[in-house]
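First the structure, in the form of C-alpha cells, and then the observations on it.
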Amino acid sequence: MADKKKLDRWADKLLDTGKRNNLINFKDSKATTAEVLYPNCETVFSKCSVGHIFEVYDPKLSDDDPEDYADNTNESNAGPESRLSKEEYKSSCVPRLRNEKSIVVYAQTPNPITAVKNIAKKAKEMQDETGLNVAYLAFGFVRWNEKEGSDVYYRAPLLLVHVNILTGSILDPVKIEISDDDVVVNPTFDFLLQAEYGLSLPGYEDGESLNEYYSSVSDSVQKMGWEIIDECKLGIFSFLKINMYEDLKQNAEQILENSNVRVLLGESVQVTDLFTDAG
C-alpha cells in the first residue's frame with residue numbers, strides 16, 4: 001500500500017490556512033461582510049432551520065422613514081462621520097421593527113443594505129463560476145494569536161450556516177433564506193488548530209444551542225488564553241476544496257488502491273496494473 005502520509009499531505013494542501021483566508025483571519029469589509037445586530041446571535045441561530053427567511057430591515061422602506069437615518073445613508077457621504085455607529089443604528093431601527101422575521105444588519109458603509117446586496121452579487125458571481133453557493137451566516141468567533149505573549153490577534157469564525165440572499169425589487173426588503181440543515185464547524189480553522197496546536201474544535205451536535213457550543217469551545221481553547229466573541233456575520237466563505245479534502249481523508253484506503261495514484265505518489269507499479277485501473 002502506498003504511503004498514506006503523502007496522500008494526507010496532498011489533502012492538507014487543499015486547505016488554505018494563510019492569514020488572507022477569512023476562515024482563519026476574518027476582517028470586516030465594506031464589500032463582502034455585514035453584521036447582524038438584532039436579534040441577538042442566539043435568537044438568530046435558533047431560527048436557522050431550512051426554509052426560514054429573515055427580512056433585512058431597511059429604514060427607507062419603513063412607513064415613518066426617519067430623517068435621522070436618511071441623512072446618514074447617502075452613499076456619496078464618504079467620511080466616517082456620515083455613518084451611524086452600531087449602537088446608534090441599532091437604537092434607531094429596532095423600535096421601528098414591525099415584523100418578527102426582521103433583522104437589523106450593519107456594515108462598514110453608510111448604507112448597510114447596499115453591503116448586503118454587494119454580498120449577494122459576489123455570491124452569485126462565484127456560484128455562476130463554480131456552481132457553489134458561498135454565502136453564509138457565521139456565528140461566534142475565536143480571537144486567537146499564534147503564540148503566547150503576541151499582541152497580534154486574529155478572528156476565526158466557529159459555525160457557519162448556508163444561506164441564499166434574495167434581493168427582489170427595489171421596493172422589496174432584502175431577504176436571507178436558510179438553505180441547508182447542516183451547521184458547519186469551520187474546517188479550515190479546525191485543521192490549523194490540529195496541525196499547529198494539537199487542539200480540535202468540538203463537533204456540533206444537532207439541537208445544541210449556540211451558548212452550549214461556545215462553552216465546549218472555551219473548554220478547548222481557554223488554556224491558550226483565547227476568547228470567544230459572540231457575533232453573527234453575513235459574508236462570503238469559500239469551501240471550494242473542502243469536498244475534495246474530505247474525500248481524500250475519508251476514502252484514503254480506496255484511493256490508494258488505484259495504481260495511477262500510487263505512481264503519482266512515487267511508488268513503482270506494474271504497467272498492466274495501470275491499464276487495469278484505467279479501465
Side-chain angles (χ1 to χ4, degrees), residues 7-36 41 44-45 48 50 54 56 105 107-109 112 114-144 146 153-167 174-196 200-201 203-204 213 217 229 231-251:
L7 188 66
D8 285 339
R9 287 197 290 272
W10 277 6
D12 294 344
K13 288 179 180 179
L14 292 172
L15 295 183
D16 175 14
T17 59
K19 302 304 185 301
R20 298 180 66 180
N21 188 339
N22 67 348
L23 290 165
I24 297 294
N25 179 27
F26 180 89
K27 294 182 179 179
D28 292 295
S29 75
K30 292 182 178 180
T32 57
T33 63
E35 180 175 357
V36 178
C41 297
V44 175
F45 186 75
C48 285
V50 171
F54 299 101
V56 180
V105 171
Q108 292 186 346
T109 177
T114 299
V116 176
K117 290 182 177 180
N118 285 342
I119 296 170
K121 180 180 178 182
K122 180 67 174 178
K124 185 179 185 307
E125 290 173 352
M126 294 186 70
Q127 185 166 16
D128 289 342
E129 292 176 4
T130 66
L132 298 174
N133 180 12
V134 291
Y136 288 85
L137 281 173
F139 293 89
F141 291 77
V142 177
R143 184 174 181 269
W144 68 282
E146 290 185 297
Y153 282 87
Y154 309 96
R155 286 186 301 162
L158 283 173
L159 300 177
L160 299 113
V161 176
H162 220 172
V163 299
N164 294 316
I165 304 173
L166 314 173
T167 54
V174 176
K175 298 179 180 179
I176 298 174
E177 177 187 37
I178 305 302
S179 62
D180 197 329
D181 249 337
D182 293 333
V183 176
V184 179
V185 175
N186 183 344
T188 307
F189 186 56
D190 187 41
F191 169 74
L192 181 145
L193 290 181
Q194 293 182 43
E196 301 294 332
S200 182
L201 292 176
Y204 174 78
Y213 187 75
V217 175
I229 301 173
E231 292 180 334
C232 175
K233 304 280 187 173
L234 173 68
I236 302 295
F237 297 92
S238 179
F239 292 93
L240 299 183
K241 297 179 180 179
I242 190 60
N243 289 335
M244 295 170 61
Y245 170 82
E246 291 180 343
D247 186 45
L248 287 174
K249 289 291 187 179
Q250 295 174 8
N251 302 295

If I compare all heavy atoms of [X] with all of [Y], which pair ends up nearest, and what's the gap?
{"X": "Ser238", "Y": "Val134", "answer": "CA-CG1, 4.2 Å"}
{"X": "Val44", "Y": "Leu137", "answer": "CG1-CD1, 4.5 Å"}
{"X": "Gly203", "Y": "Tyr213", "answer": "O-CE1, 3.7 Å"}
{"X": "Cys232", "Y": "Cys41", "answer": "N-SG, 3.3 Å"}
{"X": "Ala115", "Y": "Lys30", "answer": "CB-O, 3.7 Å"}

Working to the nearest 0.5 Å, report the span between [atom1] of [X] and [atom2] of [Y].
{"X": "Lys27", "Y": "Gln108", "atom1": "NZ", "atom2": "CD", "answer": "11.5 Å"}
{"X": "Leu192", "Y": "Glu146", "atom1": "CG", "atom2": "CD", "answer": "8.0 Å"}
{"X": "Thr32", "Y": "Phe237", "atom1": "OG1", "atom2": "CZ", "answer": "8.5 Å"}
{"X": "Lys121", "Y": "Thr167", "atom1": "NZ", "atom2": "OG1", "answer": "11.5 Å"}

Side-chain heavy atoms of [X] within contact of [Y], under 4.5 Å:
{"X": "Phe189", "Y": "Val142", "value": "yes"}
{"X": "Glu125", "Y": "Lys122", "value": "yes"}
{"X": "Thr188", "Y": "Asn186", "value": "yes"}
{"X": "Val36", "Y": "Phe54", "value": "no"}
{"X": "Leu166", "Y": "Val174", "value": "no"}
{"X": "Leu234", "Y": "Val116", "value": "yes"}
{"X": "His162", "Y": "Ile178", "value": "no"}

Exercise for the section: Check the surroundings of atom NZ in Lys19: do more than 12 heavy atoms from other residues, nucleotides or ligands lie under 6.0 Å from it? Expected result: yes
Handout entry: Residue Lys124 excluded, over 12 heavy atoms near NZ under 6.0 Å
Key = no
Problem - For Lys233, the option from Thr33, Asp28, Asn22 that meets side chain to side chain donor-acceptor pair (under 3.5 Å) - result: Asp28
Exercise for the section: Start with the C-alpha distance between Phe139 and Val161, add both sets of side-chain angles, then the distance that settles side-chain contact (heavy atoms from CB on, under 4.5 Å), and finish with yes or no. Expected result: CA-CA 8 Å; Phe139 293 89; Val161 176; 3.8 Å; yes
Handout entry: Axial cation check for Phe26 ring with Arg155, 6.0 Å and 45° limits
Key = no
Exercise for the section: Going by the side-chain contact (heavy atoms from CB on, under 4.5 Å) test, name the single residue among Leu201, Leu159, Val185 that passes it with Val217. Expected result: Leu201
Practice task
Have a look at Leu160 and tell me which of Asp180, Asp182, Leu23 forms a side-chain contact (heavy atoms from CB on, under 4.5 Å) with it.
Solution key: Leu23
Handout entry: Pair Glu231 + Arg143, salt bridge at N-O below 4.0 Å
Key = no
Practice task
Any chance you could lay out the side-chain contact (heavy atoms from CB on, under 4.5 Å) test for Asp190 and Ser200, step after step, and finish with the verdict?
Solution key: CA-CA 6 Å; Asp190 187 41; Ser200 182; 3.3 Å; yes
